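Everything on this sheet refers to the single structure shown next.
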Amino acid sequence: MTLWFVFALMTVAAIFAVLWPLGRSSGAQDQGSEVAVYKDQLAEVERDLAAGLIPAPEAEAARVEISRRLLAAAASEPAMVPKSNLKWRRAAAVLALAGLPLVAVAVYMPLGSPKLQDFPLAQRERGSGMAQSLESLVVQVEQHLEKNPTDGRGWNVLAPVLERLGRFDDAVRAYRNSLAYNGESAERRSDLGEAISAAAGGVVTAEAKAEFERAHALNADDPKANYFLGLAAEQDGRKDDAANIWRALLAKAPADAPWRALVQSSLARVGGGGAMPALSDETLAASKDMAEGDRNAMVRGMVDRLATRLKQNGEDVEGWLRLVRAYLVMGERDKAMGASADARQAVASDAERLRQLNDGLRTLGLGG
């Protein structure tokens, strides 16, 4: 009986250790995610490049790979579940602490026996099918698809798993089969293009670009297609075209889009160095034939008007980021720092807007 008492005491202690945090009135937890990790990795690459720790070609390759993983993580990341009320969490903890041992005893009494002999090792290994690794599950799905090659749902499930495992050529084949048996969609075309790019080491090849263009034709607002079309333009040396594509993507993006910071970082990479800030495509088109001095004066007036508008209505996070970027481009870092401080003060009462603002400022090198 002493041994069973010790076991019971250990069980209660283990349950108490696990459930104790549920009953504490702690502050909000910092719940990390794949998205946050990849954002930090992008920022680290930029810092290493600025410090001269890595050459530009390696930095570009790293950015492309991290960007691909960030898009995949953003598409699959579940929404964060709101926290339970403290009172209910404490009640659940007490109920679990008292109820779990009683349930365990109730189940064990009719089914278990302390005198039952142990199973041989081989028999226990045969019963461990629920602990199969992801690779073995993939093998099972592949075997199923060999017998049922027209199972579109199976290809649709298998393709992204193969891509995450780094089996890019197999993922390309799986995405093609998914398209063949599930039909056309912008999302499937974008996924196929992404897998082709990954197989090419992050380069948006002509074949991958064709898939993104097909996705764009099916859905002009598909974020993955637009991002990679911009990346293709950047890799071809057409930075202005890339900036225009990403600028348009941001203009249509939801305020809480998880890939917004990635696009802002890419836009700053191609549009933040040396060129006058483009506040609208229409204005740029109208200023092409102007003298340099007139064009600079026009841009200065636009920046001043934007600053005045934001002082009257400071909830436009994208507007603040455009203003800060404009000051940086014109070499007025002090004004950029002042605008960033004004922006933080303007959105201080809105946690989501403040987060978006800090993410954008970090991509511009002003920290959070």
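Quick caveat, the model's predicted, so the values are computed rather than measured. Along the sequence shown, residues are numbered consecutively beginning with 1.
Side chains of Asn358 and Arg355: a donor-acceptor N/O pair is absent below 3.5 angstrom, by distance only.
Here Leu323 contributes atom CG and Arg305 contributes atom CZ; the two are 13.0 Å apart, rounded to the nearest 0.5 Å. Atom CD1 in Ile54 sits 9.0 Å away from atom CD in Glu44 (nearest 0.5 Å). Summarising the geometry, atom NZ belonging to Lys209 is positioned 12.0 Å from atom NE2 belonging to His216; distances are rounded to the nearest 0.5 Å. Between the CG atom of Leu321 and the OG atom of Ser340 there is a distance of 10.0 Å, given to the nearest 0.5 Å. One distance of note links OG of Ser197 with CZ of Phe228; it measures 5.5 Å at 0.5 Å rounding. Here the CG-CD distance, from Leu145 to Gln140, works out to 12.0 Å after rounding to the nearest 0.5 Å.
Looking only at distances, no side-chain donor or acceptor of Asn148 sits under 3.5 Å from a matching main-chain atom of Thr150. Looking only at distances, no side-chain donor or acceptor of Arg260 sits under 3.5 Å from a matching main-chain atom of Gln356. Asn156 contributes no side-chain N or O that, together with a main-chain N or O of Gly152, makes up a donor-acceptor pair within less than 3.5 Å. Looking at Thr308, its side chain does come within 3.5 Å of a backbone N or O of Asp304 through a donor-acceptor pair. Of the possible polar contacts, none joining the Asn177 side chain to the Trp155 backbone as a donor-acceptor pair under 3.5 Å is found.
Side-chain atoms of Val141 and Val157, non-hydrogen and from C-beta on, never get closer than 4.5 Å to each other. Residues Trp320 and Val317 fail the side-chain proximity criterion, which asks for heavy atoms closer than 4.5 Å. Between Asp316 and Glu318 the shortest side-chain heavy-atom distance falls below 4.5 Å. Side-chain contact between Leu250 and Gln264 is present, with heavy atoms from C-beta onward closer than 4.5 Å. Side-chain contact between Gln235 and Val64 is present, with heavy atoms from C-beta onward closer than 4.5 Å. Residues Leu218 and Ser185 are not in side-chain contact: their nearest non-hydrogen atoms beyond the backbone lie 4.5 Å or more apart. When side chains are defined from C-beta on, Ser266 does not count as touching Leu231, because their heavy atoms never get closer than 4.5 Å. Residues Val270 and Trp246 are in side-chain contact: their nearest non-hydrogen atoms beyond the backbone lie under 4.5 Å apart.
Other cluster members for Leu179: Val172, Tyr175, Leu192, Ile196, joined by side-chain heavy-atom distances under 4.5 Å among Ile, Leu, Val, Met, Phe, Trp and Tyr. When hydrophobic residues (I, L, V, M, F, W, Y) are linked wherever their side-chain heavy atoms come within less than 4.5 Å, Phe168 remains an isolated member.
Closest heavy-atom contact between Ala215 and Ser190: CB-OG, 3.3 Å. The minimum heavy-atom distance linking Ser67 with Leu262 is given by the pair OG-CD1, 3.2 Å. Closest of all the heavy-atom pairs between Ala159 and Ala171 is O-CB, 3.8 Å. The two atoms that bring Gly314 and Ala346 nearest to each other are O-CB, 3.6 Å, heavy atoms only. Between Val324 and Ala339 the shortest heavy-atom distance is CG2-CB, 3.9 Å. Of all the heavy atoms in Ala220 and Asn226, the pair that sits closest is O-ND2, 3.0 Å.
Counting only residues at least two apart or on different chains, no salt bridge (Lys or Arg N to Asp or Glu O under 4.0 Å) pair has a member in residues 50-59. Residue pairs satisfying the salt bridge (Lys or Arg N to Asp or Glu O under 4.0 Å) criterion with at least one member in residues 145-155, sequence neighbours excluded, are absent. Sorted by first and then second residue, the salt bridge (Lys or Arg N to Asp or Glu O under 4.0 Å) pairs with a member in residues 219-229 read Asp191-Lys224, Glu194-Lys224, Asp221-Lys252; sequence neighbours excluded. For residues 46-57, the pairs satisfying side-chain hydrogen bond (donor to acceptor under 3.5 Å, both in side chains) are Glu46-Arg63, with sequence neighbours left out.
The 12-atom threshold is not exceeded at CG of Asp334, counting heavy atoms of other residues, nucleotides or ligands nearer than 6.0 Å. Taking a 6.0 Å sphere around CD of Glu187, one finds it holds 12 or fewer heavy atoms contributed by other residues, nucleotides or ligands.
Proximity of the aromatic rings of Tyr227 and Trp259 is defined here by a centroid distance below 6.0 angstrom, and this criterion is not met.
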Determine, step by step, whether Arg176 and Glu207 satisfy the salt bridge (Lys or Arg N to Asp or Glu O under 4.0 Å) criterion, reporting the C-alpha distance in whole Å, the side-chain angles of both residues, the deciding distance to 0.1 Å, and the verdict. CA-CA 13 Å; Arg176 292 193 188 282; Glu207 183 183 9; 2.4 Å; yes

Could you check Glu163 against Asp170 for side chain to side chain contact (heavy atoms under 4.5 Å, CB included), going step by step and ending with a plain yes or no? CA-CA 8 Å; Glu163 189 172 2; Asp170 292 335; over 6 Å; no

Yes or no on side chain to side chain contact (heavy atoms under 4.5 Å, CB included) for Arg269 and Lys239, after CA distance, side-chain angles and deciding distance? CA-CA 9 Å; Arg269 186 173 69 243; Lys239 292 190 175 182; over 6 Å; no

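A salt bridge links Arg189 and Glu211; the closest N-O separation between the charged side-chain nitrogens and carboxylate oxygens is under 4.0 Å. In summary, Glu142 and Arg167 engage in a salt bridge, as defined by a charged side-chain N under 4.0 Å from a carboxylate O. The pair Glu184-Arg214 does not meet the salt-bridge criterion, since no charged nitrogen lies less than 4.0 angstrom from a carboxylate oxygen.
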